[in-house]
Structure formats: C-alpha cells, structure tokens
Amino acid sequence: MAGQSQNWVIMVTAQTPTNIAVIKYWGKRDETLILPINDSISVTLDPSHLCTTTTVAVSPTFQQDRMWLNGKEIALSGGRFQSCLREIRKRACDVEDKKKGIKITKEDWGKLHLHIASYNNFPTAAGLASSAAGFACLAYALGKLMNVKEDESQLSVIARQGSGSACRSLFGGFVKWIMGKEEDGSDSLAVQLADEKHWDDLVIIIAVVSSRQKETSSTSGMRESVETSLLLHHRAKEIVPKRILQMEEAIKNRDFASFSRLTCTDSNQFHAVCLDTCPPIFYMNDTSHRIISIIEKWHRSEESPQVAYTFDAGPNAVLIARNRQTAALLIQRLLYYFPPTLGDLDSYIIGDKSIAKDAGINGIQDVEALPPPPEIKDKIPSQKFKGDVSYFICTRPGRGPILLSDESQALLSGENGLPK
Ligand code: DP6
C-alpha cells in the first residue's frame, strides 16, 4: 500500500433499484449459499421512486468494517454480510489513484477495513424489498471500489449470498435468476432478459397496505415451506420450468394478456404454497384479497386483462398496468375503494404523480366525486375501505445500478469516512 500519507479515504457511491418477482423465488436448496429450487423472473422498478444508495469507503485509518443503514450503525457480524464481503475481497484487483498518489494492491484489500453507508429512498418498514436493493448495491459499489473486473452477472452471484432476490437487482428491465446446478453456486446468477426500454408502456402502482401484524420473514417462511409443503415441490419441479418459458415469450412479444395471466397465477400459487405450509403462513390480508377481487371483476367485465397483480411476503399489492390509460382507470378504482383518511392527496399518491393527474385527480374533491366503477353498476352499493391502504406509489420498470460520481451525493465524508 503506497500513499503520500496514511490519511486518505477512497470512496464509491452507487444507486441500485429494487425488483418485484413475476415468477416467484420461494425455497432454497442450500441455505448458506442461498441457492433456489427454481428459476425466477422479475421486473426492476424505477430507482427514482424506489432505490438504495450506498457509499463504500476504504482508508488505512479505519479500525474495523462498519456499516450505517439509514443513518444508524448496524452490526456487520451477520453471516450474509460476511459472505458478501469475503466474496468481493476475493475478487479485488489493484487500484491506483495517481492524483492522490495512492496504490492499493490486490493483497492489501484483505487487510484494509471498509465503511459502508446505505440509504433507502422509501420506508424500510413498508416491506418493499429493501434487502434486495441493499445487497445488490453493496456488491455493485464494492465491485467498483475494488476494481473487480467481472460483469453484473458475476456480481449477482455475490449479491445473491446477501439475499436471494438481490441478485435480480443488478440489471434493469426484465431479469431472470437462473437457479444453476453447481454445488458451489457459481452458476446461480441473474441475466437480463430485456432492458427497461423494451416494454416502456407498462405502469406500476404499488398499494402499501396498512398492517399491524409482523410478518414471518421470507427466509424462515420459505424454509418452513421447503420442509412441509408438498405443493412447493410440485410447483418447483413441474410448474415453474414451463411457466418460465412462457413468461420469457410473453416478455419478448410484449404480450400483456399472457404476462398478466402468468404473473397473477404465479403470485396466487406462491400464496397457496404459504397456506400449504405447516403451520400455514398468511402474507396477504383482507385488503390484499379485496384488491384482487376488484381487479378480477374489472377483467371479467372487459373480457381481457387490464392489470397484473402480484404480492410478495406481505400484504402490499404490486399492480402492473398495460399502459398509462389503463393505469389512470386503475388509480380511479383504487381511490374510489380506498380514499385517503386525511384530505392530503399529495402524501397519499407518491412517485409519478402525473398518473393521477391523467385520471383527472388533482385534489381530494376529485376523489370524492369519483363514480363507482361501471362493472359494479346496478349491484348493491359498494363499500369503501378508508384507511386500509397507507399510500400508493406510482412507478414504472426502471434501469439497473449506476455510479453516482458527484461527491455531494456520497453518504460518507471524504475527510474521515464517517456518515455526513
Ligand atoms: C416472496 O430474497 O427476501 O419476495 O433469500 O432468504 O433473503 P432470502 O429471501 P428473499 O425472498 C424473496 C421472496 C419473494 C419472492 C421473490 O422475490 O422472488
């Protein structure tokens, strides 16, 4: 390690999106390496609305590896963090900063300590795959800091060891996690199926559903399913392989009817596996079920799918509309059934607010004036469910990780490597 003084700090800041699976990952064949029992496919969400920003720094003055999440220091002792750090250090290469007169050799990386600061631009508690964006960002940022020569798919092998779904956040657009066959997990990685421009009509609305209940974590939930659900094994062996091929075709051809049918069916089957687990796991709640009914009723009256729905390990609904016009009709329906508790629409619809504007909704008075959706006309007056949705996020498919080269966006100080 050569440097003019021993006081230098080198940093890298990256931003990484989160993703939503349309063919779900549920079940591991290896708990430590995080190897799945089936392939999965996801859509990357626009990082302007949902992303993690991570700054990683190295300095000879650091005494130990340390990490801060949303400003609070957290322990790095967990096995998953340690696996990621170990794997990335193994692949580190020489780094030279001629301007600062610093040279770090491949071997030095084993002795140098790191500071890591990570920030989510959405509430961690909302259950929106923060660990996926987080571990992907960690692998990507450290890969850049340590001059790792490998591509995104190889970095996804490292992110995967932090959290399975994280490997799919190394790409934008549509991403497949290939389960792989090797025992060491070297072929269990993510590949991009199509970038975010391929199908840019799609609009995504996330209903963050109010919930008082602490859900079973994905990690322990899927372990219990592997141990007790026969349906899970049938799904992984007989159903998912065919569905993956069909989903790839649907994405390639921008075939919304197939995309929607496969997405909804796969989400419902994942939740059926949860019910088939002993003891059963309930991730969806009454509000989640209600959202499914509203969409299914709408589909039946239109005789073709308008919106795909999918739910992860929690009650939030991720709704993928075929285009902006459909998204406007969707937001009208959602606001009709789930009006805001407070009169403040600005904090009730976040993200790309222009979707609501397209639907003619500019203020609370417009929500109050919404007529019942035509598919329920002539039926018994429909109920409303104020308070059951905390807020909506309007977004779209988005790009993969990027570097933020502007130092003002770094979360650590360039002087001492501590949170700003
Ligand atoms: C329901 O990736 O959170 O969101 O690998 O144990 O960290 P670990 O689990 P995680 O599981 C995600 C499960 C899911 C479906 C999916 O994203 O494919």
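Counting convention: from 1, in listed order, for ligands and their atoms alike.
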Q: Which residue supplies the protein heavy atom nearest to atom 16 (C) of ligand 1, what is that atom called, and how far is it?
A: R168 NH2, 3.4 Å
Q: Which ligand 1 atoms are under 4.0 Å away from a heavy-atom of I34?
A: 5 (O)
Q: For F270, take its heavy atoms, then give the atoms of ligand 1 lying under 4.0 Å from any of them.
A: 1 (C)
Q: Without hydrogens or angle criteria, can the side chains of N268 and T265 be said to hold a donor-acceptor pair below 3.5 Å?
A: no
Q: If you count the atoms of ligand 1 from 1 in the order shown, which ones are under 4.0 Å from a heavy atom of M222?
A: 9 (O), 11 (O)
Q: Using the salt bridge (Lys or Arg N to Asp or Glu O under 4.0 Å) rule, pick out the option among K90, R91, K144 that qualifies with E150.
A: R91
Q: Which residue owns the protein heavy atom closest to atom 5 (O) of ligand 1, what's the atom, and how far is it?
A: Y25 OH, 2.6 Å
Q: Which atoms of ligand 1 are found less than 4.0 Å from any heavy atom of G164?
A: 2 (O), 5 (O), 7 (O), 8 (P)
Q: Could an N or O of ligand 1 be found under 3.5 Å from any N or O of S165, whether backbone or side chain?
A: yes
Q: Hey, which atoms in ligand 1 end up nearer than 4.0 Å to a heavy atom of K28?
A: 5 (O), 6 (O), 8 (P)
Q: Is there a nitrogen or oxygen of D312 sitting under 3.5 Å from a nitrogen or oxygen of ligand 1?
A: yes
Q: Run the numbers for me: atoms of ligand 1, each under 4.0 Å from some heavy atom of S163, listed by number.
A: 2 (O), 3 (O), 5 (O), 7 (O), 8 (P), 10 (P)
Q: Within the structure, does N19 bring an N/O atom to less than 3.5 angstrom of an N/O atom in ligand 1?
A: no
Q: Name all residues meeting the side chain to side chain contact (heavy atoms under 4.5 Å, CB included) criterion together with T216; count only those two or more places apart in sequence or in a different chain, and write none if there are none.
A: S220, I281, Y283
Q: Less than 6.0 Å separating the ring centroids of F311 and F270?
A: no
Q: Please list, chain by chain and in numerical order, all residues satisfying side chain to side chain contact (heavy atoms under 4.5 Å, CB included) with S40, sequence neighbours excluded.
A: Y25, R168, W177
Q: For Y348, which of L342, L335, I364 qualifies under side chain to side chain contact (heavy atoms under 4.5 Å, CB included)?
A: L335
Q: Will you find, in the side chains of S260 and R322, an N or O donor that is under 3.5 Å from an N or O acceptor?
A: no
Q: Please list, in number order, the atoms of ligand 1 under 4.0 Å from a heavy atom of A21.
A: 16 (C), 17 (O), 18 (O)
Q: Is there a donor in the side chain of Q246 and an acceptor in the side chain of R261, or the other way round, less than 3.5 Å apart?
A: no
Q: Please state whether Y283 comes within less than 4.0 angstrom of ligand 1, counting heavy atoms only.
A: no
Q: Establish, for the pair R290 and Y337, whether the NZ or CZ atom is under 6.0 angstrom from the six-membered ring centre and no further than 45 degrees off its axis.
A: no
Q: Please confirm whether R80 comes under 4.0 Å of ligand 1, counting heavy atoms of the residue only.
A: yes
